[in-house]
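Worksheet for the structure shown next.
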Amino acid sequence: MTTRRELLRSTLLTGAALSLPILNREAAAADAAPAAPAVPPSIFKLAPLPYAPDALEPSIDAATMTLHHDKHHATYVTKLNEALAKLPKAPAGTPEELHGWLKKLDAVPEDIRTAVRNHGGGHFNHTLFWESLSAKGGEIKGGLLKGLETSFKTKDDAIAALVKAGTTLFGSGWAWLAYDPAKKALAVTTTPNQDTPLAAGHIPLLGLDVWEHAYYLKYQNKRADYLAALVKVINWDVVAARYDAALKA
């Protein structure tokens with residue numbers, strides 16, 4: 001007669017035996033599972049905003065600023081680093097290096113050229129954009145004022161031309177105040193997507209972002225209203241310093 005103790009022992013052994021195939025299958029599945037994707041190296045890094053997200057209100061609201069910087073700009077940096085990880089030797093990751101690539105895109109290896117143009121351009125453009133803004137705004141004066149008056153008659157004409165360029169640009173892109181070394185003059189120009197004036201030989205002094213993510217939460221489809229508000233928070237001291245540097249270069 002089978003005792004209760006023997007019956008219990010038999011049940012436990014049977015259960016253990018039945019569990020072995022399951023454990024073996026789980027172990028095999030773990031061995032076959034793909035490795036976690038490699039984290040791209042931090043060749044380029046996203047710098048924090050130089051002011052609080054709500055510092056530019058009411059021109060730019062905090063929600064837009066946070067989404068724009070923490071999501072959109074951050075994605076450009078991540079995608080740029082992923083592309084650069086394909087290179088046999090990691091680049092230095094300096095602003096000067098990125099500047100050189102965007103100025104001579106044909107010299108960038110073909111397999112990462114599009115990524116550098118789009119994501120590298122996005123990183124370059126947005127970095128310049130954040131640094132161009134200030135809650136205090138500023139006054140156009142000194143050499144920049146003279147340059148604007150020479151190229152556009154008045155500073156107000158220059159700002160109007162910049163706003164018009166951004167308003168009428170079809171699709172996503174940027175409106176720029178740039179220095180043209182060939183003509184030794186200031187110019188208002190536009191670029192699509194995340195292209196930069198560097199590829200055309202121009203030195204960017206101020207870029208106005210007219211991608212919808214830069215304004216749609218607050219202004220919806222009223223791009224002209226966004227641009228009219230944006231020019232009120234331009235840090236003209238920073239723009240003037242870039243202009244002085246461009247003249248010396």
How far apart are the closest heavy atoms of [X] and [Y], and which atoms are they?
X	Y	value
A115	A83	CB-CB, 3.5 Å
Y219	A229	OH-CB, 3.2 Å
L87	P109	CD2-CG, 4.0 Å
G121	L102	N-CD2, 3.8 Å
L205	A246	CD2-CB, 4.4 Å
R223	L169	NH1-O, 2.7 Å

State, yes or no, whether a side-chain contact exists between [X] and [Y] at a heavy-atom distance under 4.5 Å.
X	Y	answer
W130	M65	yes
L247	Y179	yes
V163	L230	no
I234	L133	yes
I203	P181	yes
L128	P204	yes

Answer yes if [X] and [Y] sit in the same cluster of Ile, Leu, Val, Met, Phe, Trp and Tyr residues linked by side chain heavy atoms under 4.5 Å apart, and no otherwise.
X	Y	value
Y216	I60	yes
L67	L49	no
L217	W211	no
V239	V210	yes

Calculate, to the nearest 0.5 Å, the distance between atoms [atom1] and [atom2] belonging to [X] and [Y] respectively.
X	Y	atom1	atom2	answer
K141	L144	NZ	CG	11.0 Å
L84	I43	CG	CD1	4.5 Å
W101	I112	CH2	CD1	6.5 Å
T127	L46	OG1	CG	7.5 Å
D225	K218	CG	NZ	10.5 Å
Y243	K146	OH	NZ	10.0 Å

Without swapping roles, check the side chain of [X] against the backbone of [Y] for a donor-acceptor pair under 3.5 Å.
X	Y	result
R242	L206	no
H119	E82	no
R117	D195	no
D180	A187	no

List the steps and the verdict of side chain to side chain donor-acceptor pair (under 3.5 Å) for W176 and T191. CA-CA 8 Å; W176 297 96; T191 57; 2.9 Å; yes
Which pairs with one or both residues in residues 45-68 pass side-chain hydrogen bond (donor to acceptor under 3.5 Å, both in side chains), sequence neighbours excluded? D61-T64, H68-H126, H68-D209, H68-H213
Please lay out, stage by stage, how L177 and F152 fare under the test side chain to side chain contact (heavy atoms under 4.5 Å, CB included). CA-CA 11 Å; L177 175 66; F152 299 95; 4.2 Å; yes
Hey, mind stepping through H123 and H73 against side chain to side chain contact (heavy atoms under 4.5 Å, CB included) and telling me if it holds? CA-CA 6 Å; H123 179 40; H73 188 177; 2.9 Å; yes
Might you work through the side chain to side chain contact (heavy atoms under 4.5 Å, CB included) test for N235 and E131, ending with a clear yes or no? CA-CA 8 Å; N235 189 334; E131 294 172 353; over 6 Å; no
ring-ring contact (aromatic ring centres under 6.0 Å, His included) partners for F124, two or more places apart: none
Could you please spell out the steps behind the side chain to side chain contact (heavy atoms under 4.5 Å, CB included) verdict for I140 and I159? CA-CA 11 Å; I140 303 174; I159 294 173; 4.0 Å; yes
May I ask you to check whether over 12 heavy atoms, not counting those of K103, lie within 6.0 Å of atom NZ? no
Other than V238, which residues form its hydrophobic cluster under the rule that side-chain heavy atoms must be closer than 4.5 Å? none
Less than 4.0 angstrom from a charged side-chain N to a carboxylate O is my criterion; do R113 and E110 meet it? no
Salt bridge or not between K86 and D111? Use side-chain N to carboxylate O under 4.0 Å. no
Worked verdict on F129 versus W174 for ring pair (Phe, Tyr, Trp, His ring centres under 6.0 Å): CA-CA 10 Å; F129 182 61; W174 293 75; 5.6 Å; yes
Check the side chains of Q194 and N118 for a donor-acceptor pair under 3.5 angstrom, ignoring hydrogens and angles. no
